Amino acid sequence: MLELAGLVILGILAQWVAWKTKTPAILPLILIGLFVGPISTLLSGDGTKWLEPIWNGQEGVFPGESLFYFVSLAIAVILFEGGLTLRKGEVGNIGPVIIKLISVGVVVTFFGAGLAAHFIYGFSWQISFLFSSLIIVTGPTVISPILRNIPLKTHVSSILKWEGILIDPIGALIAVLMYEFIRVEGGQDFTMTALTEFGKIILFGFTFGFTFAHVLALLIKRNIIPHYLLNVFTLATVLGVFVLADLFAHESGLLAVVVMGMVMGNKDLPNIKELLYFKESLSVLLISILFILLAANIEIEELLLIFNWKALILFGTVVLLVRPLGVLLSSLGSGLRWNEIAFVSWVGPRGIVAAGIASLFGLKLAREGVPGAEYITPLVFMIVLLSVLLNATTARMFARAVGVFIKNSEGILIIGASSLSRLIAKYLQDNKRHVVLVDNNADNIRKAKDLGLDAIEGSVYQDDLMNNIELNDIGYLMAMTGNSDINKTAITKFTRQFGEKGSFRLISSDEMNDPETNPSEGLFSHTDDYIKLTEVARKFPRIHEVLLNSRAHYEGLIEISKTDPDIIPLFVKKDSGELEIIPSHSSEVEIGNGYQLVYLGKKIQKEVEEEQEEDYEETVEDLDKEV
């Protein structure tokens, strides 16, 4: 009981430390696992571990094969949650790069790392290529924490995120084939076995994943599953699909759950966000337990096997030669710039699938007396630990060095996706600004996406927005909901991460009626709240631009807007095309030559008269020419 409780407590403590230090949680988790596992044997008087997952293969927290059953089921849930986060709209022009990374990149890593292991350590070809198959995978559990703290262009982040999730089942599949090869001992028998196993994994993985995803989506849409059972019912379905697929084809379950997650994540399900929250929390708990367990399961003798120069040379070959070569070949003809290729090459930390399957296969082969099998688990853990440590400490610095670090975060995050927000967001996007709308109303999100806008269904009271790597280029925050509490919460919670260039919110009705309370973060004007803005947008759903002659001209137009309730200033557009948000303290806005006032509502009468006068003069000139 003490060990089980300690697992959870230590795991969550490690997650907190990772959050506080902005490093991937895998780093403190593995270090804790090693400390309470193999390292603790040096501190305890009798040479036993403080935490023993398996002792003599029979006793421990998870005796016998139960540890590996738990590892397999936990990885299934983690990969399903990862699949839920994949959106086909994110792919865009980077689809070919992702496909090559999980095909060409996999081949390069498999052969490159296999050759390195063979010639550096002198392993047999079978053990060398089993090792290389295990380090093919990168993994979303380690990439996402690294990327979310680095402002990168969206397509660079998306490439790494998609690769990390899609490559997991592929790496597992290849590892299974190599494991079968070692057990069959090569020859014609292996060829038939490999082809048969490969075909079965693909067939049953896609079939079960695709079929059960549609069945579960149908049950959810028709409200056949009660709301309070939705999360646990989905969990049971995921575990059932994983086990069922595995019964038909060993290790096809990993592919099945990823396919299932991807299909469900791209369907218009009413409760998908709530389901994602549950799976995310569950994944955090499972990852916390898994890494400590697997690290603690390593023996001190196995650790000592890799404390030599050969391990460092192998790690350097994998990170500095094999990974860059695979990314380079995968990026040919993709349009990626050299600095983007360099960054993707540098960021390739290994994750939970590599560690989990390495522990499973390494221990089984070692028990069967296969020469070199005792090196598999510690070597893979060495690659996992050092790659995470390297990327966590240098990725931000490397991004700056190669020039993929976004220095000017000009993106705009709009809280609320009402018709008013959509109108303003569309104007901003048409003026080449990256805009993302956030709303917990699925219908508003759907309408925003129909307009071609980036939109996320979510709530300001959840933390998932802060973990979204697609928001790395956001520098402005505009809270524009009809709820003043939500607007104030957004400013308080997200200003530091998304509002470095400016954070604004609509004033409340109480603030509008009290001239003495004009908040510093007030948006547009002190006389326009959400209700008034929405009404003007309903009556006059147009955004106009008018050229400014001088600052006096600008101030005059602002005064006109104060007297006319159907005219609301929004932005000042500079001669360079850059847009500056007008705060409620409009006097703070800079005005220069060629600047324009951008406003919502009906056309200012003075401008209408000037246009009519221009039209009259043009007509007179045309008549003169005719005469």
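Just so we're clear, the structure is a prediction, and the values are computed from it rather than from any experiment.
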Kindly determine whether N431 and K573 satisfy side chain to side chain contact (heavy atoms under 4.5 Å, CB included), including the steps that lead there.
CA-CA 10 Å; N431 281 269; K573 187 175 184 180; 2.8 Å; yes

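- In this structure N441 satisfies the side-chain hydrogen bond (donor to acceptor under 3.5 Å, both in side chains) test with no other residue, sequence neighbours excluded.
- Residues that satisfy the side-chain contact (heavy atoms from CB on, under 4.5 Å) test with S132, not counting sequence neighbours, are F110, A113, F129.
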How far apart are the C-alpha atoms of F398 and N391, what are their side-chain angles, what is the distance that settles it, and do they pass the side chain to side chain contact (heavy atoms under 4.5 Å, CB included) test?
CA-CA 9 Å; F398 192 81; N391 289 151; over 6 Å; no

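- Other residues, nucleotides and ligands contribute over 12 non-hydrogen atoms within 6.0 Å of the CZ atom of R433.
- Every residue meeting the salt bridge (charged side-chain N to carboxylate O under 4.0 Å, His left out) condition with D450, not counting sequence neighbours, appears here in chain and number order: R446.
- Residues passing the side-chain hydrogen bond (donor to acceptor under 3.5 Å, both in side chains) test with T481, sequence neighbours excluded: N487.
- Note on ring orientation: taking the six-membered ring where Trp is involved, the planes of F524 and F571 are perpendicular (angle over 60°, cut-offs 30° and 60°).
- Residues passing the side-chain contact (heavy atoms from CB on, under 4.5 Å) test with L34, sequence neighbours excluded: I30, P38, I39, A295, I298, L303, L385.
- Partners of Q15 under the side-chain contact (heavy atoms from CB on, under 4.5 Å) rule, at least two apart in sequence or in another chain, are A25, L29, V284, I287, S288.
- In this structure N440 satisfies the side-chain hydrogen bond (donor to acceptor under 3.5 Å, both in side chains) test with no other residue, sequence neighbours excluded.
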Could you walk me through whether D439 and K447 pass the side chain to side chain contact (heavy atoms under 4.5 Å, CB included) test, one step at a time?
CA-CA 11 Å; D439 202 310; K447 290 176 179 177; over 6 Å; no

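- Checked options V327, V402, L332; the residue passing with I341 is V327 (criterion: side-chain contact (heavy atoms from CB on, under 4.5 Å)).
- For K100, the salt bridge (charged side-chain N to carboxylate O under 4.0 Å, His left out) test picks out no residue, with sequence neighbours left out.
- Outside the 6.0 Å centre-distance limit, the rings of F131 and F123 are not counted as a close aromatic pair.
- Tested against H434, the residues L413, I412, D454 include a single side-chain contact (heavy atoms from CB on, under 4.5 Å) partner, D454.
- Listed by first then second residue, pairs satisfying side-chain hydrogen bond (donor to acceptor under 3.5 Å, both in side chains) with a partner in residues 316-327 read E163-R323, not counting sequence neighbours.
- In this structure N308 satisfies the side-chain hydrogen bond (donor to acceptor under 3.5 Å, both in side chains) test together with Y121, sequence neighbours excluded.
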L453 and Q429: CA distance, side-chain angles, deciding distance, side chain to side chain contact (heavy atoms under 4.5 Å, CB included) verdict
CA-CA 8 Å; L453 298 167; Q429 183 169 280; 3.6 Å; yes

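- Considering only residues two or more places apart in sequence or on other chains, K574 meets the side-chain contact (heavy atoms from CB on, under 4.5 Å) condition with S576, E578, E580, E590, Y595.
- Nearest heavy atoms, I445 versus A417: CD1-CB, 4.4 Å.
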